[in-house]
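One structure below.
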Protein chains: 2
Amino acid sequence: MSDVSAGDARRPARPGGGRRVTMRDVADAAGVSQPLVSIVMRDVPGASPESRAHVLQVAARLGYRRDERARMLKQGRSRLVGIVFHAAQPFHGQLIDELQLAARAAGYNVSLAAVTKRRGEADAIEALLGERVEGLVLLGASLDEPQLNRIADEVPVVTVASQYSSERFDSVSMDDARGTELAVQHLHQRGHSRILYLGAPGVSGDEVRTATFLEAAAEAGIGDEIAIVAGGASEAAGAEAIADALQRYPDTTAVIAFNDRSAQGVVAQARLLGKRVPEDLAVVGFDNSEQAELPYLQLTSLAQDPAQLASAAVEMVVGRVDANAEGEVPRIGEHRILPTELVVRSSSGGSGNSVERSR
Amino acid sequence: MSDVSAGDARRPARPGGGRRVTMRDVADAAGVSQPLVSIVMRDVPGASPESRAHVLQVAARLGYRRDERARMLKQGRSRLVGIVFHAAQPFHGQLIDELQLAARAAGYNVSLAAVTKRRGEADAIEALLGERVEGLVLLGASLDEPQLNRIADEVPVVTVASQYSSERFDSVSMDDARGTELAVQHLHQRGHSRILYLGAPGVSGDEVRTATFLEAAAEAGIGDEIAIVAGGASEAAGAEAIADALQRYPDTTAVIAFNDRSAQGVVAQARLLGKRVPEDLAVVGFDNSEQAELPYLQLTSLAQDPAQLASAAVEMVVGRVDANAEGEVPRIGEHRILPTELVVRSSSGGSGNSVERSR
DNA sequence: TTGAAAGCGCTAACAC
DNA sequence: GTGTTAGCGCTTTCAA
């Protein structure tokens with residue numbers, strides 16, 4: 001079919017759709033050349049004030065909006081950082097907020113891809129690569145190192161809050177070892193010796209925390225009073241695990257949970273079983289997320305500052321992107337570990353808020 | 001084999017960056033024309049098995065990946081549905097999962113934009129429009145109707161879980177009125193008359209629920225025993241509000257909370273104050289989110305099926321997109337209300353799980 | 001200050 | 001079956 005008179009549409013009326021307005025349309029309507037419209041729209045010097053005003057007015061009247069895809073295509077680069085996050089993790093929401101800010105400050109935009117129950121990490125990454133992101137920030141990555149290495153061949157990668165030691169990509173995470181140490185010391189100082197570590201086997205960070213837990217306990221001289229149980233990284237997992245653990249280790253007086261979510265499960269379940277927190281059971285979590293501050297939780301937690309994680313991640317990934325752009329030799333993987341603080345709240349017996357620093 | 005650039009052929013010659021491989025590169029390396037590569041990569045008929053195999057092999061060796069932006073540009077459409085979500089709302093995570101699935105089934109991809117503390121809805125929408133999404137699904141939208149109307153002039157819009165009655169865009173939401181009615185009836189049947197509605201002023205859905213709450217209570221003959229307090233849509237807001245409300249209305253025996261998050265705050269705070277749930281205080285929430293199922297909550301809740309919301313939303317937005325594509329006359333806004341179920345769990349005294357249907 | 005021409009990476013129409 | 005040509009909407013030379 002040859003739609004003959006389609007080109008005659010001087011003013012494309014688009015009641016909710018139809019053909020979009022292009023620079024060509026604006027140029028024609030304003031009686032100037034199309035590149036001049038480009039100059040005006042990009043707000044760069046090269047157009048007289050009169051033209052500028054006129055073009056802007058016409059553009060507004062026509063409802064013109066720049067096509068980012070075309071712009072990226074022509075520019076040869078996207079200035080886009082891809083972010084892979086887990087839709088079910090509220091903490092990732094905080095990270096996204098910070099990452100967007102940091103990226104914008106570095107002159108980049110972000111493109112998001114969510115990992116959900118039915119959409120894996122590899123899939124999300126593929127989608128972003130197809131959009132030609134120039135770098136990738138992976139939140140809570142769980143792919144193995146060889147897989148990530150392969151991706152890092154295409155585009156700079158930095159993982160956040162996961163532990164890797166690859167030479168081909170970077171990572172930022174909190175100081176899990178020091179954090180665990182702080183937690184144990186804190187509880188020990190408050191008289192606890194029957195401490196339980198409620199881990200999340202298979203989740204990144206758990207191995208280090210488990211190992212350090214054992215060391216720190218041994219160092220405190222309570223190595224044979226502690227226990228380790230397998231839980232998970234969710235409220236439900238924490239609740240289930242603690243219910244079980246309190247039967248196996250009924251004289252437990254303190255719990256270090258894998259994250260704030262599982263800690264919340266621990267607190268709720270413990271209370272349901274008639275235990276008071278912290279009098280009967282002291283609880284410490286990881287992340288110092290927003291929920292740690294909930295009035296009925298007041299959870300002592302190891303702070304993982306989202307702003308710091310985000311700015312480090314952006315700095316590293318953008319650094320690699322820029323280095324590539326200038327043809328520099330690829331550096332080796334950098335695995336940055338950020339200092340942790342123990343934020344003491346009432347769930348471990350603290351009164352009000354005090355903060356102890358790690359290093 | 002006869003590659004000009006040195007280095008090992010197995011790994012792509014772009015150590016984490018550099019110029020990307022294009023179809024031109026593949027074509028040259030394979031000794032065929034570039035459009036033929038396109039035919040092969042799109043997996044459409046028109047190439048001999050031999051060429052196909054050869055091209056695929058060369059593409060793999062070079063690490064070729066199709067540029068989606070260029071493809072969209074050329075095709076004149078993006079087949080992209082934009083999704084605006086709130087990074088801090090776990091329920092949106094569930095919706096994203098379902099939306100991605102539904103969109104893919106309809107032949108569309110999704111592009112995400114997060115609303116965060118520091119990035120408003122309007123901003124997120126702008127970003128998606130710049131990417132040339134063909135339709136917009138807004139989760140928990142809070143812009144006013146005129147603003148949304150303006151956006152709906154550019155692209156079909158459907159809001160999810162917000163109440164609007166515009167003629168220019170669509171919406172899907174649960175049956176708030178019927179849900180509230182069910183909640184009141186449920187509690188009344190169980191002997192409660194001093195029922196509290198803990199609302200979230202300003203959040204969409206609250207008005208209808210408040211009004212229906214009054215009506216349903218009046219109808220049940222308990223109109224002067226109930227109370228309404230202002231809370232919010234978060235755990236903290238629920239906890240704060242209930243602590244306050246229990247002082248002002250100490251003989252309250254049941255609470256209907258604005259959503260599961262605030263209900264969780266209510267339960268936790270009530271327990272902290274020595275109340276048992278449901279014996280001393282029955283609690284009902286809205287959303288039937290994943291947290292409603294937590295073992296220590298077992299929250300009775302009004303189900304808002306994410307899969308149903310998502311498929312309705314996608315159907316509506318894609319319907320408009322297709323209608324536009326075929327130059328049909330714009331229909332008037334459709335505001336679909338999905339049936340609600342009350343899922344009874346132990347927080348309201350239910351034993352196990354039973355389900356009562358609405359309508 | 002403005003316009004003409006070229007081309008980013010891809011798909012679509014048509015010729016061979 | 002394969003190559004040639006054209007052009008999506010934009011930015012970027014380079015001339016005028």
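Throughout, protein chains are lettered first and strands after them, A, B, ... in sequence-line order, and every chain is numbered starting at 1.
Rounded to whole Å, the distance from CG on B/D28 to P on D/dG3 is 11 Å. Rounding to whole angstrom units, CZ of residue B/R69 and P of C/dT11 are separated by 13 Å. Atom CD of A/Q34 and atom C1' of D/dC8 are 12 Å apart (whole Å). Residue B/L73 contributes atom CG, which lies 8 Å from atom C1' of D/dC10 at whole-angstrom precision. In this structure, the CE atom of B/M72 is 15 Å from the C1' atom of D/dG9, given to the nearest Å. In this structure, CG of A/D67 is placed 14 Å from C1' of C/dG9, rounded to the nearest angstrom. For the pair B/I39 CD1 and C/dA13 P, the interatomic distance rounds to 12 Å; values are reported in whole Å. Rounded to whole Å, the distance from CZ on B/R52 to P on D/dG1 is 10 Å.
The pair A/R69-B/E68 does not meet the salt-bridge criterion, since no charged nitrogen lies less than 4.0 angstrom from a carboxylate oxygen. Contact check on A/K74 versus A/D67 returns no salt bridge, with no Lys/Arg side-chain nitrogen under 4.0 Å from an Asp/Glu carboxylate oxygen. Salt bridge annotation for A/R336-A/D170: absent, with no cationic side-chain nitrogen under 4.0 angstrom from a carboxylate oxygen. A salt bridge links A/R52 with A/D43: the distance from a Lys NZ or Arg NE/NH1/NH2 to an Asp or Glu carboxylate oxygen falls below 4.0 Å. The pair A/R65-B/E126 counts as a salt bridge, with a side-chain nitrogen and a carboxylate oxygen less than 4.0 angstrom apart.
Relative to the side chain of B/S48, the nucleotides D/dT2, D/dT12, D/dC8 differ in distance, and D/dT2 lies closest. The side chain of B/T22 lies closest to C/dC10 when the candidates are C/dC10, D/dT2, D/dG9. Listed nucleotides C/dC10, C/dT11, D/dC10 differ in distance to B/A70; the shortest reach to its side chain belongs to C/dC10. Nearest nucleotide to the B/L36 side chain, out of D/dT2, C/dC8, C/dT2: D/dT2. The listed nucleotides are D/dT2, D/dC8, C/dT11; the one nearest the side chain of B/A47 is D/dT2. The nucleotide whose nearest atom lies closest to any side-chain atom of A/Y64 is, among C/dC10, D/dT11, D/dC10, D/dC10.
Look at A/R132 and you won't find any side-chain N or O under 4.0 angstrom from OP1 or OP2 of C/dC8. Taking only side-chain nitrogens and oxygens, B/S38 comes nearer than 4.0 Å to OP1 or OP2 of C/dT11. Applying the 4.0 Å criterion to OP1 and OP2 of C/dC8, one finds that B/R20 has every side-chain N and O outside that range. The phosphate of C/dA12 (OP1 or OP2) has a side-chain N or O of B/Q75 nearer than 4.0 angstrom. At the phosphate of D/dT2, OP1 or OP2 sits under 4.0 Å from a side-chain N or O atom of B/S51.
Using a 4.0 Å heavy-atom criterion, one finds that B/R66 contacts the sugar-phosphate atoms exclusively. Among the heavy atoms of the strands lying under 4.0 Å from B/G46 is at least one base atom, whether or not backbone atoms are also near.
Heavy-atom nearest nucleotides on DNA chain D were determined for B/P49 and for A/M23, and the one closer to the 5' end corresponds to B/P49.
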### Task
Could you go through the side chain to side chain donor-acceptor pair (under 3.5 Å) check for A/S142 and A/E121 one step at a time?
CA-CA 8 Å; A/S142 60; A/E121 225 170 296; 2.9 Å; yes
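With hydrogens and angles left out, the side chain of A/K74 and the base of C/dG7 share a donor-acceptor pair within 3.5 Å.
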